[in-house]
Amino acid sequence: MEKKRGAFSNKLGFILAAAGSAVGLGNLWRFPYLAAKYGGGIFILIYLILAVTLGFTLMITEVAVGRNTRLSAVGAFKKLDKRFGFVGYLACVVPFIITPYYSVIGGWVIKYLITFISGNVTAAAGDEFFTGFITEPAQPVIWFAVFVLLTSLIVIIGVEKGIEKASCTLMPILVVLTIGIAIFCITRPGALEGVKYYLLPDFKHFSATTVLAAMGQLFYSMSLAMGIMITYGSYMKKEDSLEKSVRQIEVFDTAIAFFAGLMIVPSVFVFSGGNEEALSKGPSLMFITLPKVFDSMKMGGLIGSVFFILVLFAALTSAISLMETNVSILNDKLKWGRRKTTIIVTAYVLILGSVVSLGFGPLDFIQIIGMGLLDFFDFISNSVLMPVVAILTCISIGYFIKPQVIYDEIEINGKFKMKKFYTVILKWIAPICLVLILLFAVSEALGWIKV
């Protein structure tokens, strides 16, 4: 007899767990540097517009599909229409690619946290500290393994006792820490210029690349098109309002990203004297530039420790959702049971993630289309597969399975007031925007366009 599927105990548990999935390194690391690179306030304005249109449509579709079928992505699409079972398989490939390399970055966060807690702030702020650490053969792999095993332990416990309990504990703490550090940062001398740049839209920075960058970040940040929201939707109770829950997840996710920007952009403005170039270098913003900021602050060791605790919480909640999706996919298909499946997935993540981690050191000679291992896996998952899955989701639901399936699931809890708006976005606007994201991202990665 098949075991009863796990479920969240209540609506709050679902919202916090799903928000925990969405809130991660994309919010605390990627969002601030993209906001800085693409004009600050104008980027945020565009992002907010896209979040309530494109983001809402894709997320409510995925959650509804999951709750309707009570299956993870592979089974869900197949159950709705056998012709589109392949969409579920494509979606499931994404978290299997992301989990190992995401966990490598999670290991970096633990390393920095331990460094700050032990009082070695000045060392962490050194120009060569980050590069020296990630190019070592052993230490990055050890911290990566610690992060994976911590994630695995929570997942193996299960949905209600593990994922929901961890999210209900970690997410409120994350919110408090984010707001607290943001207030501290914006009150530093010289931070006002950074706050203005971050909050006030300047339309001279408006361009097609700004819009496309905001769309790409929305995708990355909200855990869309990788089977996660379908999986979490499959654990959601029928009596909980689907529309309200998705709205609350979006608010949670966007608020954390917004406050992360308030932490990072003004801080780097203070340290760099308003040099925008210091805000545009991805990984270096968190792991090189920010430690310098903390080192220059009074009580910088304490503030830095609290910051990296926050980042670890965010990284963990997203890693939990990624691993849970992997486990759910295999368990739905092979019926191995949660414990056995989690152990197998953990072994896979440890093996592939170790190879990715070594790609900065002993295996740095491995280059694929001019990219190192981590960058290549990030490109394939986020820039290629996720847009493709989202496009196919919109087409399959919009034109073949039909949106009525989504309407019926949402309207279990009341009238779907945005039905017409949702349909236009799903069938026309979202597919066009997603094709543009795909073409833009691939062209940029292959050097066909320069941004």
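Residue indices begin at 1 and follow the sequence shown. The structure displayed is predicted, hence computed values, not measured ones.
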With distance as the sole test, does [X] use its side chain to make a donor-acceptor pair with the main-chain N or O of [Y] at under 3.5 Å?
X	Y	result
S443	F440	no
S152	V148	no
Q217	L34	no
R67	M236	no

Completion exercise
So the ring-ring contact (aromatic ring centres under 6.0 Å, His included) pairs with at least one residue in residues 333-359 (sequence neighbours excluded) are F96-Y348
Practice task
Please list all pairs passing the ring-ring contact (aromatic ring centres under 6.0 Å, His included) test where one or both residues lie in residues 372-398, with sequence neighbours left out.
Solution key: none
Exercise for the section: Say whether S381 and Y101, considering side chains only, have a donor N or O and an acceptor N or O under 3.5 Å apart. Expected result: yes
Exercise for the section: Ignoring hydrogens and angles, state whether a donor on the side chain of N27 or D253 is under 3.5 Å from an acceptor on the partner side chain. Expected result: yes
Excluding sequence neighbours, so at least two apart, what forms side-chain hydrogen bond (donor to acceptor under 3.5 Å, both in side chains) with [X]?
X	result
T151	none
N68	E409
K419	E411
N331	none

Problem - Min side-chain heavy-atom separation Y112-V109 under 4.5 Å - result: no
Handout entry: Note, S103 side chain near V349 side chain (heavy atom, < 4.5 Å)
Key = yes
Fill in the blank from the handout: Residues passing the ring pair (Phe, Tyr, Trp, His ring centres under 6.0 Å) test with F258, sequence neighbours excluded, are Y198
Problem - Minimal non-hydrogen separation, S328 against S72, with atom names - result: OG-CB, 3.5 Å
Practice task
Taking salt bridge (charged side-chain N to carboxylate O under 4.0 Å, His left out) as the test, write out the residues that go with K427, two or more places apart.
Solution key: none
Exercise for the section: For R247, enumerate each residue passing the salt bridge (charged side-chain N to carboxylate O under 4.0 Å, His left out) test, keeping only those at least two apart in sequence or located in another chain. Expected result: E250
Problem - For C394, all residues meeting side-chain contact (heavy atoms from CB on, under 4.5 Å), sequence neighbours excluded - result: L58, L426, A430, P431, L434
Problem - For S305, side-chain contact (heavy atoms from CB on, under 4.5 Å) partners two or more places apart - result: F116, I117
Problem - Among I343, T346, V155, I156, side-chain contact (heavy atoms from CB on, under 4.5 Å) partner for V327 - result: V155
Kindly list each side-chain donor-acceptor pair under 3.5 angstrom involving residues 357-372, sequence neighbours excluded, with atom names and distances?
unit_1, atom_1, unit_2, atom_2, d
Q367, NE2, D364, O, 3.3

Problem - Aromatic ring proximity, centroids under 6.0 angstrom, F313 and F308 - result: no
Exercise for the section: Report yes if the distance between the aromatic ring centroids of F86 and F77 is under 6.0 Å, otherwise no. Expected result: no
